[in-house]
Amino acid sequence: MDPSSLSREDLDAYCERIGHHGGRNADAGTLRALHHAHVRAFPFENLDPVRGVVPSLAPADLMAKLVRGRRGGYCFEQSTLFAEVLVALGFRVTRLAARVVLGAARAEDRPMTHMALLVEAPGDRQPRLADVGFGAPGAPLEPVPLAPGEHCGAGRRHRLVRVPSDGPLELWSLEFRTEDAWQAQYVFTLAPFARPDFEVANWYIATHPRSPFRSRPRVLRLTPDGGHLLLDGRRLVRTGADGRVVERELTGQAQVRRICAEEFGIDVPEGPVLPG
């Protein structure tokens with residue numbers, strides 16, 4: 001992977017933004033702490049594509065938007081920023097492309113439009129899957145060791161499973177444990193992808209007429225009680241740590257903007273936050 005373009009001042013600002021005041025050594029403990037703090041600090045959000053803007057993946061722009069501004073982003077933005085931070089700290093990072101299978105009948109029906117990271121620390125033989133940008137309630141809160149079997153991190157249970165594939169590379173599936181079943185989230189191989197690959201995918205999902213990221217706002221954040229808050233179009237869904245769900249319908253642009261600012265901590269950009 002290319003060297004990070006982040007400066008010492010950028011790293012200081014990032015750690016302050018996510019509330020990380022611990023060590024910065026390139027080891028498993030630091031990776032876990034940064035991952036957990038990142039997903040709690042930044043909401044998942046797609047307000048730029050909804051208003052017709054393709055998000056920039058340039059590190060300087062990500063620093064301005066997510067770190068020095070009060071914004072979140074979707075997978076390409078968040079994972080690109082996280083990769084820059086990790087490389088600057090001395091980790092080896094491989095960018096991975098994944099097919100989201102959550103809600104799909106077949107993996108082959110979905111394009112590779114999700115970005116995750118394979119992270120390796122010097123002297124540590126255990127690589128880990130890091131994913132700070134998966135905008136679903138089953139997203140991992142901590143890195144998952146790249147090995148078959150179950151992993152519990154910050155109260156969520158995940159497992160990695162090898163699944164059949166017609167290709168030459170081993171195919172992995174990340175699964176999340178619900179109350180009564182294992183639920184596949186996405187599948188991926190360890191083939192490395194470069195920045196231009198994600199620039200193309202980023203442009204596609206931000207502009208394609210049938211892209212769900214363009215057609216309605218989706219904003220997700222963790223809540224202090226261990227639950228999460230989701231805005232999906234006009235629906236606002238609050239899920240408590242006990243699984244209790246409270247849902248309500250929002251009325252229009254002004255209310256959605258207010259909810260994004262007050263409930264999700266976002267400096268809402270100019271332009272519509274609801275299509276049409």
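Note that the numbering runs from 1 along the sequence shown for the chain. Given the structure is predicted, the values throughout are model-derived calculations rather than measurements.
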(request) List, by chain and number, the other hydrophobic cluster members for Leu190, where Ile, Leu, Val, Met, Phe, Trp and Tyr join if side-chain heavy atoms come within less than 4.5 Å, directly or indirectly. (result) Leu96, Val100, Leu102, Leu118, Leu129, Phe134, Val144, Leu146, Leu160, Trp172, Leu174, Tyr186, Phe188

(message) If the test is side-chain contact (heavy atoms from CB on, under 4.5 Å), which one of Asp10, Leu6, Asp2, Val93 qualifies with Glu84?
(response)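 Option passing the side-chain contact (heavy atoms from CB on, under 4.5 Å) with Glu84: Leu6.
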
Under the 3.5 angstrom rule, does the side chain of [X] hit a backbone N or O of [Y] as a donor-acceptor pair?
| X | Y | value |
| --- | --- | --- |
| Arg70 | Gly265 | yes |
| Arg157 | Glu150 | no |
| Arg95 | Leu117 | no |
| Thr239 | Val245 | no |
| Arg218 | Gly135 | yes |
| Gln78 | Pro43 | yes |
| Arg17 | Leu66 | yes |
| Asp124 | Ala121 | no |
| Asn46 | Phe213 | yes |
| Glu142 | His36 | no |

Looking at [X] and [Y], does any basic side-chain N land under 4.0 Å from a carboxylate oxygen?
| X | Y | result |
| --- | --- | --- |
| Glu175 | Arg159 | yes |
| Arg238 | Glu263 | yes |
| Arg71 | Asp267 | no |
| Lys65 | Glu77 | yes |
| Arg8 | Asp12 | yes |
| Arg162 | Glu170 | yes |

Cluster question for you: counting only ILVMFWY and a side-chain heavy-atom cut-off of under 4.5 Å, with indirect links fine, are [X] and [Y] together?
| X | Y | answer |
| --- | --- | --- |
| Met115 | Tyr204 | yes |
| Val50 | Leu236 | no |
| Met63 | Leu89 | yes |
| Leu11 | Val119 | yes |

Got a second to check how far [X]'s [atom1] is from [Y]'s [atom2], nearest 0.5 Å?
| X | Y | atom1 | atom2 | result |
| --- | --- | --- | --- | --- |
| Leu169 | Thr189 | CG | OG1 | 5.0 Å |
| Glu199 | Thr80 | CD | OG1 | 8.0 Å |
| Asp225 | Asp242 | CG | CG | 8.0 Å |
| Thr207 | Asn202 | OG1 | CG | 9.0 Å |
| Ile205 | Cys75 | CD1 | SG | 5.5 Å |
| Ile266 | Arg221 | CD1 | CZ | 9.5 Å |

Nearest heavy-atom neighbours spanning [X] and [Y]:
| X | Y | value |
| --- | --- | --- |
| Ser173 | Ala184 | OG-CB, 3.9 Å |
| Pro127 | Glu120 | CB-CG, 3.8 Å |
| Arg216 | Asp232 | NE-OD1, 2.5 Å |
| Pro217 | Val273 | CG-O, 3.2 Å |
| Asp48 | Pro269 | OD1-CG, 4.1 Å |
| His35 | Leu141 | ND1-O, 2.9 Å |

Flag the pair [X] / [Y] as yes when at least one side-chain heavy-atom distance between them is below 4.5 Å, and no otherwise.
| X | Y | value |
| --- | --- | --- |
| Ser211 | Pro49 | no |
| Phe82 | Phe42 | no |
| Phe44 | Val219 | no |
| Val237 | Arg248 | no |
| Phe176 | Thr178 | yes |
| Leu222 | Leu229 | no |
| Val256 | Cys260 | yes |
| Arg99 | His114 | no |

(request) Decide yes or no on side chain to side chain contact (heavy atoms under 4.5 Å, CB included) for Leu86 and Leu34, but give the supporting numbers first. (result) CA-CA 9 Å; Leu86 294 180; Leu34 290 173; 4.2 Å; yes

(message) Under a plain distance cut-off of 3.5 Å, with no hydrogens placed, do His20 and Tyr14 share a side-chain donor-acceptor pair?
(response) no

(request) Classify the side-chain pair Gln253/Gln255 by whether it contains a donor and acceptor separated by less than 3.5 Å. (result) no

(message) Parallel, tilted or perpendicular: which one describes the rings of Phe76 and Tyr74, with boundaries at 30° and 60°?
(response)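 Aromatic pair Phe76/Tyr74 classed perpendicular.
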
(request) Just do the side chain to side chain contact (heavy atoms under 4.5 Å, CB included) check on Leu250 and Leu231 with the steps written out, would you? (result) CA-CA 9 Å; Leu250 304 183; Leu231 172 68; 3.7 Å; yes

(request) Test side chain to side chain contact (heavy atoms under 4.5 Å, CB included) on Cys15 and Arg24 and set out the steps. (result) CA-CA 10 Å; Cys15 288; Arg24 300 187 189 180; 3.8 Å; yes

(request) Could you please spell out the steps behind the side chain to side chain contact (heavy atoms under 4.5 Å, CB included) verdict for Arg40 and Ile18? (result) CA-CA 8 Å; Arg40 291 199 171 278; Ile18 68 173; over 6 Å; no

(message) Surrounding CZ of Arg68 (heavy atoms of other residues, nucleotides or ligands, distance under 6.0 Å), is the total greater than 12?
(response)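 Yes.
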
(message) Just checking Glu16: does its CD atom have more than 12 heavy atoms from other residues, nucleotides or ligands closer to it than 6.0 angstrom?
(response)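 Open: at most 12 neighbouring heavy atoms sit under 6.0 Å from CD of Glu16.
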
